[in-house]
There are 2 protein chains.
Amino acid sequence: MADGKGRYAQIVQKLKTHGHHLTPQRLAIIKAIVESDRHPSVEEIHARLRKTFPTMSLATVYRNVMLLKSLGEVLALGFPDGSNRYDGRHPFPHPHVVCVRCKKIVDPELQSGRELARAVGDATGFRILSHRLDFFGICRDCEAAGKKGCGAGQAAK
Amino acid sequence: MADGKGRYAQIVQKLKTHGHHLTPQRLAIIKAIVESDRHPSVEEIHARLRKTFPTMSLATVYRNVMLLKSLGEVLALGFPDGSNRYDGRHPFPHPHVVCVRCKKIVDPELQSGRELARAVGDATGFRILSHRLDFFGICRDCEAAGKKGCGAGQAAK
DNA sequence: ATTCCTGCAAAATCTTTGCAGCTAG
DNA sequence: CTAGCTGCAAAGATTTTGCAGGAAT
């Protein structure tokens with residue numbers, strides 16, 4: 001399973017292949033996405049990189065995330081509440097579990113996705129291209145912490 | 001299974017119970033939501049009702065849809081592409097199959113939702129509150145129609 | 001040298017809110 | 001009557017786009 005380092009090299013390789021420039025900002029954005037296990041939002045990526053690139057524009061983050069998405073190297077998780085988070089480690093449809101309190105996102109072990117998609121396709125006659133399996137709830141940490149925010153509190157919006 | 005008529009009466013009843021006024025606009029919005037099997041968007045509801053209420057504001061549709069949602073009588077389907085559609089017939093988590101071409105939305109017969117949510121909860125330690133199972137693909141009509149739009153073409157955005 | 005990229009600011013969406021007058025109960 | 005609702009317009013929030021200067025190849 002691709003870890004941060006492997007994914008980074010993989011994505012950089014694909015950018016080269018497609019003739020895209022490897023600017024410091026771009027590389028930093030890629031690094032931020034693949035090194036985080038938090039499925040960061042554009043805002044979070046931007047905030048994190050402002051330390052290194054004080055003038056970096058939000059538009060640049062948007063543009064790069066869109067580029068990576070168009071290359072199939074990042075999965076966009078647009079949630080019902082309007083928040084957007086990105087997964088650069090597993091850029092393919094897979095289930096997510098979201099804590100509605102601290103906004104933590106976990107990738108559960110669950111093989112059902114593929115077969116479920118196939119079953120739905122058979123039942124409806126659709127040619128299924130992709131899917132979203134999202135579960136929303138309260139994580140163990142937040143449950144234990146009571147009403148207050150839990151450990152890795154990270155706002156998605 | 002609640003049909004349009006049943007749902008309409010049910011929703012009106014709940015509004016009364018909660019002391020909400022039954023304005024003509026509100027009733028028309030409810031009717032539009034429960035009579036459509038198309039999971040309409042706010043824009044679609046508004047467009048449809050402009051014939052009867054030429055001065056009806058988009059804000060009014062938004063406010064009423066939000067009210068119904070807050071009462072648990074409508075399920076909001078916010079999709080990754082930013083489009084929003086509403087289901088007034090089955091206002092509880094259930095799977096959807098979306099045609100990415102004509103934007104048709106189908107409710108597949110699929111019982112797995114509940115048990116899947118439970119399995120995910122067990123596996124992750126989350127207390128699961130709700131879920132979203134969305135499948136995206138090409139419906140049979142669109143497949144048959146080739147590149148052109150299919151029968152009930154309805155833009156979601 | 002070229003082509004692509006960045007930062008800034010303006011634009012474009014989509015949704016929410018403030019307010020004055022109107023309406024259902 | 002009184003609380004709640006509507007329409008209009010303005011405000012918000014988030015994401016996209018135009019442009020001129022600057023970098024990467």
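Lettering follows sequence order; numbering is per chain, from 1.
A heavy atom lying under 4.0 Å from DNA chain C marks the following residues of residues 45-61 of chain B, by number: B:A59. DNA chain D lies under 4.0 Å from at least one heavy atom of each of the following residues of residues 65-77 of chain A: A:M66.
Of the two residues near DNA chain D, A:H21 and B:H21, the one whose nearest nucleotide lies more 5' is B:H21. Mapping A:T23 and B:Y62 onto DNA chain C by nearest heavy atom places A:T23 closer to the 5' end of the strand.
A:D81 has its CG atom 15 Å from the C1' atom of C:dT16, to the nearest Å. As a whole-Å value, the separation of A:H18 NE2 from D:dT25 P is 16 Å. Rounded to a whole Å, the CG atom of A:N64 is 15 Å from the P atom of C:dC4. One can place CG of B:L22 at 9 Å from C1' of C:dG25, the figure rounded to the nearest angstrom. At whole-Å resolution of the value, CG in A:N84 and C1' in D:dT16 are 13 Å apart. Here C:dC5 presents its P atom at 12 Å from CD1 of A:I29, a figure rounded to the nearest Å. Atoms NE2 (B:H20) and P (D:dG4) sit 9 Å apart, rounded to a whole Å. In this structure, A:K16 places its NZ atom 8 Å from P of D:dT25, rounding to the nearest Å.
When the options B:K31, B:E44, B:M56, B:Q25 are evaluated for a side-chain contact (heavy atoms from CB on, under 4.5 Å) with B:L49, the one that passes is B:M56. Each of B:K104, B:R101, B:K103 was scored for a salt bridge (Lys or Arg N to Asp or Glu O under 4.0 Å) with B:D141, with one residue passing: B:K104.
The C1' atoms of five pairs define one axis at each end of the helix from C:dA1-D:dT25 to C:dG25-D:dC1, and these two axes lie 40° apart (to 10°).
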Walk me through it: do A:R7 and A:E73 pass the test salt bridge (Lys or Arg N to Asp or Glu O under 4.0 Å)? CA-CA 9 Å; A:R7 285 292 299 146; A:E73 293 297 332; 2.8 Å; yes
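At the heavy-atom level, A:R26 lies under 4.0 Å from the strands shown only through sugar-phosphate atoms.
Residue-to-nucleotide contacts include no donor-acceptor pair under 3.5 Å from the side chain of B:R63 to the base of D:dG4.
Annotation: the span from B:L22 atom CG to B:L27 atom CG amounts to 5.0 Å, rounded to 0.5 Å.
With C:dA24, C:dG7, D:dG7 as the choices, the nucleotide that has an atom nearest any side-chain atom of B:Q25 turns out to be D:dG7.
Taking the ring axis of A:Y86 as reference, the NZ or CZ atom of A:K69 does not stay both within 45° of it and closer than 6.0 Å to the ring centre. Judged by the 6.0 Å and 45° rule, B:R132 forms a cation-pi pair with B:F79.
A salt bridge does not link B:R89 with B:D107: none of the charged nitrogens is closer than 4.0 Å to a carboxylate oxygen. Classification of B:E43 and B:R48 as a salt-bridged pair fails, no side-chain N sitting under 4.0 Å from a carboxylate O.
For the pair B:H94/B:D87, a side-chain contact is recorded, criterion being any heavy-atom separation below 4.5 Å from C-beta on.
In the hydrophobic clustering of this structure, A:V65 groups with A:L67; members are Ile, Leu, Val, Met, Phe, Trp, Tyr whose side-chain heavy atoms approach within less than 4.5 Å, directly or through other members.
The two residues A:H131 and A:A117 make their nearest non-hydrogen contact at ND1-CB, 3.9 Å.
Between the side chain of A:E143 and the backbone N or O of A:R140, no donor-acceptor pair lies under 3.5 Å.
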